[in-house]
Amino acid sequence: MFISKFGSAPKFYARAPGRVNLIGEHIDYCGYAVLPMAIEQDILIAVEPVQTQVVQLANTNSLYLDFSTSVNNIQINKTKPQWHNYFLCGLQGIQEHFGLNNPTGMNCLLDGTIPPSSGLSSSSALVCCAGLVTLRANGKTLSKVELAEICTKSERYIGTEGGGMDQSISFLAEEGTAKLIEFSPLRATDVRLPSGATFVIANSCVEMNKAATSHYNIRVMECRLATKLLSKSKGLEWRKMLRLHDVQTKLGVSLEEMLTIVEEVLHPEPYSTEEICKCLGISLEELRSQILSQNMQDVSTFKLYQRAKHVYSEAARVLEFQKICSEAPANALQLLGELMKQSHISCREMYECSCPELDRLVDICLQFGAIGSRLTGAGWGGCTVSMVPTDKLNTFLKNVKKAYYQTDGQRLAVENNSLFATKPGRGALVFVEA
């Protein structure tokens with residue numbers, strides 16, 4: 001297809017995997033460690049560097065239209081997050097990092113096996129793959145950590161205030177192991193998952209595009225506002241504080257103690273912008289110009305107590321999950337399953353990032369033998385991840401298919417790509433045909 005599209009053969013290929021987050025939802029942008037693994041599904045790009053300063057993009061899926069642009073005039077459209085804009089994020093991130101004046105043009109053909117808008121990080125995999133491709137085509141090199149950090153920043157060009165988990169696991173993943181990913185500085189530690197269980201991904205078939213909705217960015221802002229109010233109440237320099245993790249670090253207390261502080265300082269009722277201004281001793285104008293991002297100007301109420309409570313309790317669950325994996329007690333699977341269940345309840349009730357279909361799918365998975373099950377990814381649609389005893393895997397898959405997918409014509413049409421077992425895969429790489 002590359003030859004019929006561009007009239008010549010590709011010179012190299014790059015791949016970047018999707019990911020499933022086993023535990024630690026919506027806490028990476030608050031500064032807390034997460035525990036994802038790369039999956040086998042990926043984005044693959046065939047590339048031919050060219051003399052003209054034009055990037056031509058084509059996709060093996062005819063639903064995604066061809067696109068071309070000058071490498072010296074990249075315009076990323078935030079209002080319509082189309083597929084090529086994610087490619088342009090990766091391209092622009094590398095160009096800006098190296099200050100490339102005459103970047104190399106490229107012909108690129110893209111293929112992907114990650115279901116889009118499913119919470120398995122197809123968009124970040126595309127940004128990472130594009131960054132890798134641009135790096136290689138321009139003859140530059142970077143470490144995996146540097147690449148992950150650049151791609152995290154560059155995905156924000158499209159308007160998503162992500163925290164870096166997706167890009168980090170895409171580059172730092174290794175076959176056979178999940179990773180504890182920590183931030184500032186970015187580092188990854190192997191987490192050996194216990195034997196006897198398999199992780200199964202099930203797509204709710206409700207699509208959620210992070211960049212196209214405000215839910216995600218409102219949560220980021222609620223966490224930031226909670227940070228400011230908690231900091232102010234404890235006499236910290238609240239204007240400088242951006243993440244919930246910063247409050248814990250500055251106070252030098254445990255996550256459990258932070259949960260007690262949340263109970264003391266914040267109230268469960270939503271905060272109006274007026275009340276936030278009163279708590280911080282600032283004007284509405286200062287709140288809007290100094291703290292709220294451009295797309296948050298019209299939001300009038302924020303839930304701070306619930307969001308902070310989720311973040312601190314979820315951060316504790318991540319550390320507990322890692323501890324159980326490393327100590328491997330006899331009842332490890334039951335303990336991990338319990339943490340996954342608690343995580344889902346917190347996402348549903350405190351962070352309100354679930355949806356009726358995800359809740360139903362979690363219930364079905366638990367009913368048919370999953371030891372633990374939870375939403376994974378941003379939520380509001382997308383996928384669940386379940387931990388299933390390996391010896392019960394086939395019956396589990398059969399029963400979930402029957403109960404969730406075969407009761408609905410639309411889900412039935414996509415069931416083969418919607419329910420699958422997965423194991424930790426390897427990270428992004430470039431390969432050249434011999």
TODO: Apply the test side chain to side chain contact (heavy atoms under 4.5 Å, CB included) to residues Tyr404 and Ser204: give CA-CA distance (whole Å), side-chain angles for both, the deciding distance (0.1 Å), then the verdict.
DONE: CA-CA 9 Å; Tyr404 190 78; Ser204 69; 3.7 Å; yes
Task: Glu264 atom CD: more than 12 heavy-atom contacts under 6.0 Å - done: yes
- [ ] Before giving the answer on side chain to side chain contact (heavy atoms under 4.5 Å, CB included), spell out for Leu142 and Ile150 the whole-Å C-alpha distance, their side-chain angles and the decisive distance to 0.1 Å.
- [x] CA-CA 10 Å; Leu142 286 168; Ile150 290 166; 3.5 Å; yes
Task: Minimum-distance pair of heavy atoms, taken over all atoms of Cys151 and Val127 - done: O-CG1, 3.8 Å
Task: Inter-residue atom distance Asp363.CG - Cys365.SG, 0.5 Å rounding - done: 9.0 Å
Task: Main-chain N/O of Gly24 paired to Glu314 side chain as donor or acceptor, under 3.5 Å - done: yes
Open item on the list: With a 3.5 Å distance limit and no angle check, can you tell me whether Tyr157 reaches the backbone of Lys78 through a side-chain donor-acceptor pair?
Closed with: no
- [ ] Run the numbers on Val200 and Thr422 for side chain to side chain contact (heavy atoms under 4.5 Å, CB included), then give the verdict.
- [x] CA-CA 6 Å; Val200 176; Thr422 189; over 6 Å; no
TODO: Looking only at non-hydrogen atoms, find the nearest pair between Leu333 and Met387 and report the distance.
DONE: O-CE, 3.2 Å
- [ ] Indicate yes or no: at least one non-hydrogen side-chain atom of Arg219 is less than 4.5 angstrom from one of Tyr29.
- [x] yes
Open item on the list: With a sphere of 6.0 Å drawn around CG of Asp298, does it hold more than 12 non-hydrogen atoms of other residues, nucleotides or ligands?
Closed with: no
Open item on the list: Between Asn85 and Asn77 (side chain of the first, backbone of the second, donor and acceptor by atom type, cut-off under 3.5 Å), is there such a pair?
Closed with: yes
- [ ] Give me the one residue out of Lys309, His310, Arg317 that meets side-chain hydrogen bond (donor to acceptor under 3.5 Å, both in side chains) with Ser313.
- [x] Arg317
Task: Nearest heavy-atom neighbours spanning Pro424 and Leu193 - done: CG-CD1, 4.1 Å
TODO: Decide yes or no for Asp359 and Cys355: does some side-chain heavy atom of the first lie under 4.5 Å from some side-chain heavy atom of the second?
DONE: no
Task: Student check: side-chain heavy atoms of Phe199 and Met37 closer than 4.5 Å - done: yes
Open item on the list: Can you confirm whether Ile74 sits close enough to Gln95 that some side-chain heavy atom of one is under 4.5 Å from a side-chain heavy atom of the other?
Closed with: yes
Open item on the list: Lys179 vs Glu174, test: salt bridge (Lys or Arg N to Asp or Glu O under 4.0 Å). Steps then yes/no.
Closed with: CA-CA 8 Å; Lys179 294 276 185 184; Glu174 289 176 82; 2.5 Å; yes
Open item on the list: Which heavy atom of Gly382 sits nearest to which heavy atom of Asn203, and what is that distance?
Closed with: O-OD1, 3.4 Å
Open item on the list: Checking the side chain of Ser386 only, and the main-chain atoms of Val388 only, is there a donor and an acceptor separated by less than 3.5 Å?
Closed with: no
TODO: Without swapping roles, check the side chain of Glu149 against the backbone of Glu146 for a donor-acceptor pair under 3.5 Å.
DONE: no
TODO: Find the distance between NZ (Lys323) and SG (Cys325) and round it off to the nearest 0.5 Å.
DONE: 12.0 Å
Open item on the list: Can you confirm whether Cys205 sits close enough to Tyr405 that some side-chain heavy atom of one is under 4.5 Å from a side-chain heavy atom of the other?
Closed with: yes
- [ ] Just do the side-chain hydrogen bond (donor to acceptor under 3.5 Å, both in side chains) check on Thr376 and Asn21 with the steps written out, would you?
- [x] CA-CA 6 Å; Thr376 185; Asn21 191 20; 5.4 Å; no
Task: Lys423/Glu175 salt bridge by N-O under 4.0 Å criterion - done: no
Open item on the list: I'd like to know if the side chain of Gln41 reaches the main chain of Pro17, judged simply by a donor and an acceptor atom lying under 3.5 Å from each other, with no hydrogens or angles considered.
Closed with: no
Open item on the list: Could you measure the distance from the OG atom of Ser170 to the CG atom of Asp42? Nearest 0.5 Å is fine.
Closed with: 9.5 Å
Open item on the list: Within this structure, what is the CZ-OG distance for the pair Arg374 and Ser354, rounded to the nearest 0.5 Å?
Closed with: 10.5 Å
TODO: Ignoring hydrogens and angles, tell me if any N or O in the side chain of Asp111 forms a donor-acceptor pair with the backbone of Thr60 under 3.5 Å.
DONE: no
- [ ] Flag yes if more than 12 heavy atoms outside Lys11 fall under 6.0 Å of its NZ atom; otherwise flag no.
- [x] yes
Open item on the list: For a quick test of reading the model, state the closest non-hydrogen atom pair linking Ala38 to Ile169 and the distance between them.
Closed with: N-CG1, 3.8 Å
TODO: Begin from the C-alpha positions of Glu257 and Ser254 and carry the test side-chain hydrogen bond (donor to acceptor under 3.5 Å, both in side chains) through to its verdict.
DONE: CA-CA 5 Å; Glu257 287 169 290; Ser254 69; 3.1 Å; yes
Open item on the list: As a quick check of understanding, evaluate salt bridge (Lys or Arg N to Asp or Glu O under 4.0 Å) for Glu222 and Lys303, giving each step before the final call.
Closed with: CA-CA 6 Å; Glu222 286 172 322; Lys303 291 189 178 180; over 6 Å; no
TODO: Could you check if a side-chain atom of Phe420 sits within less than 4.5 angstrom of a side-chain atom of Leu397, using non-hydrogen atoms only?
DONE: no
Open item on the list: Donor-acceptor check, side chain of Glu48 to backbone of Cys108, threshold 3.5 angstrom: yes or no?
Closed with: no
Open item on the list: Taking the six-membered ring for Trp, are Phe302 and Tyr271 closer than 6.0 Å centroid to centroid?
Closed with: no
Open item on the list: Does Lys341, at its NZ atom, have more than 12 non-hydrogen atoms belonging to other residues, nucleotides or ligands within less than 6.0 Å?
Closed with: yes
Task: Value rounded to 0.5 Å, distance of CD1 in Ile76 from SG in Cys89 - done: 4.0 Å
TODO: Check the angle between the aromatic planes of Tyr32 and Tyr312 and answer parallel, tilted or perpendicular using the 30° and 60° thresholds.
DONE: perpendicular
- [ ] Compute both the distance and the angle, then confirm whether Arg136 meets the cation-pi test with Phe12: under 6.0 Å from the six-membered ring centre, within 45 degrees of the axis.
- [x] yes
Task: Val50 side chain near Phe6 side chain, heavy-atom distance below 4.5 Å - done: no
Open item on the list: I need the Ile371 CD1 to Leu366 CG distance, nearest 0.5 Å.
Closed with: 10.5 Å
Open item on the list: Could you tell me if Lys140 sits above the aromatic ring of Phe98, with its cationic atom closer than 6.0 Å to the ring centre and no more than 45 degrees from the axis?
Closed with: yes
Task: Validation row: Ile27, Val318 side chains within 4.5 angstrom (heavy atoms) - done: yes
Task: Flag if over 12 foreign heavy atoms under 6.0 Å of CZ, Arg360 - done: no
Task: Side-chain donor-acceptor contact under 3.5 Å, Gln167 with Glu155 - done: yes
Open item on the list: Please report whether the ring centroid of His26 lies less than 6.0 Å from that of Tyr216.
Closed with: yes
Task: Main-chain N/O of Met350 paired with Arg307 side-chain donor or acceptor, under 3.5 Å - done: yes
TODO: Decide side chain to side chain contact (heavy atoms under 4.5 Å, CB included) for Val55 and Ser68; before the verdict, give the C-alpha distance in whole Å, the side-chain angles of both, and the deciding distance to 0.1 Å.
DONE: CA-CA 6 Å; Val55 169; Ser68 73; over 6 Å; no
Task: Exam field: side chain Thr198 to backbone Ala421, donor-acceptor pair closer than 3.5 Å - done: no
Task: Considering all heavy atoms, the nearest Tyr351-Cys223 contact - done: OH-SG, 3.1 Å
Task: ring-ring contact (aromatic ring centres under 6.0 Å, His included) partners of residues 353-378, not counting sequence neighbours, each pair once - done: none
